[in-house]
Amino acid sequence: MNRNNEVSELIDVENAFYIGNYQTCINECNKISKASLEKDIFMYRSYIAQHKYRVVLDEIKPSNDTPLLALRYLAEYMSNSARKEAIVSIFDEKFQGDINELHVVWIIVGAIIYCNEETYETAMKVLVGNFNLECPSLHMHCLLKMSRVDLAKQVATTMQEKDDDATLTQLSQAWLNIQIGGEKLQDAFFIFQDLCDKFSPTLLLLNGQAVCYIGQQKYDDAEQVLRECLNRDPNNYDTLINLLALSQQRDKSSSQFSRYLAQILDDHKGSSLVAAYNKRQAEFDRLVLQFGPSNSKPIDEIVA
């Protein structure tokens, strides 16, 4: 395999991963016969994205002395809640040294874990100074989570200057446009459509279009796209979240809302939404016990 072919194949691998076409990414990796760390990184990340953690844990041993070890830690973090705190500590210690000496996969995985922990400032400290496009893209994700659209715009400009045509740059611009809202929603929709036409419609791209439709109050169009997503994967988290939002917008008393919520609570117990829901439910139950009628004093006792 000559260098040009190898680079071309890796671009296909990367693009498949970034648009959420994880099985195609794995298939493309398997076509590359030459050993390649970068190929293996995207392949194992695709397995993790498909929640096939056992594949990663079986093939990347704890004794692995390559950057692939970062992906084993990510698989452990995503699949075993009891290991989360220990995994975070491993990355905290890893980043005590010179971050510039680390392979970029350590930085990307560390930032992903910090984002999952909602410690966005820590994630951004790790990401700053690395010029791999995924790093500014993750940096933008952190800023959008913190509602710092002004700073996210600056990051988008930096990405455009580096590679305006890159799939990751286009996706990042679409996410920024969604956060800005208004007329920018249509710009975001066109980006998702262009990527669908260039590659293939994926759940990630279709859900992006559905979000644009919901923001524009085009609820029938949003429902049509989300039904297509359901047909592809009835348990996809992003699809269920968007259907939850859509059902709430269309009909506040809809039984569909309860169904989608029940499905998310059932199938995505480790998600941030379920964690937030359970926390608020527990707080509500505590308040009911504290201030409910059974704990209220009779009026004559209060007066006395």
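Computation of the quantities below employed the complete heavy-atom set of this structure, encompassing side-chain atoms and omitting hydrogens, waters and symmetry-equivalent molecules. One is the number of the first residue; the rest follow in order along the sequence.
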Legend entry - NZ/NE/NH1/NH2 to OD/OE distance under 4.0 Å, Lys125 and Glu121: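 Between Glu121 and Lys125 there is no salt bridge, as every charged N stays at least 4.0 Å from the carboxylate O atoms.
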Legend entry - Cationic N near anionic O, under 4.0 Å, Asp150 to Arg148: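 The answer is yes: the pair qualifies as a salt bridge.
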Hey, does [Y] have a side-chain heavy atom less than 4.5 Å from the side chain of [X]?
X      : Y      : answer
Val149 : Leu143 : no
Val104 : Glu134 : no
Arg232 : Thr239 : no
Ile108 : Ile112 : yes
Ile191 : Leu171 : no

Legend entry - Over 12 foreign heavy atoms within 6.0 Å of CZ, Arg286: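 Result for CZ/Arg286: enclosed.
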Inset, instruction - Mark yes when over 12 heavy atoms from residues, nucleotides or ligands other than Gln50 sit less than 6.0 Å from its CD; otherwise mark no. - result: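 Yes.
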Inset, instruction - Please test Asp163 against Thr169 for side-chain hydrogen bond (donor to acceptor under 3.5 Å, both in side chains), starting from the C-alpha separation and ending with a verdict. - result: CA-CA 7 Å; Asp163 191 345; Thr169 301; 5.6 Å; no
Inset, instruction - Check the angle between the aromatic planes of Tyr44 and Tyr47 and answer parallel, tilted or perpendicular using the 30° and 60° thresholds. - result: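 Correct class here is tilted.
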Legend entry - Asp266 (side chain) donor-acceptor with Ala262 (main chain) under 3.5 angstrom: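 Not a single qualifying donor-acceptor pair exists.
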Legend entry - Within residues 97-142 or reaching into it, pairs that qualify as ring-ring contact (aromatic ring centres under 6.0 Å, His included) - sequence neighbours excluded: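 Those involving residues 97-142 are Phe91-Trp106.
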Legend entry - Any pair counted as ring-ring contact (aromatic ring centres under 6.0 Å, His included), so long as it reaches residues 162-205, sequence neighbours left out: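 Residue pairs with at least one partner in residues 162-205: Phe189-Tyr213.
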Inset, instruction - Establish, from distance only, whether the side-chain atoms of Asn177 and Gln173 form a donor-acceptor pair under 3.5 Å. - result: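 Side-chain D/A pair, Asn177 to Gln173: present.
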Inset, instruction - Could you check Glu117, Glu85, Arg72 and say which one makes a side chain to side chain donor-acceptor pair (under 3.5 Å) with Tyr77? - result: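 Passing option: Glu117.
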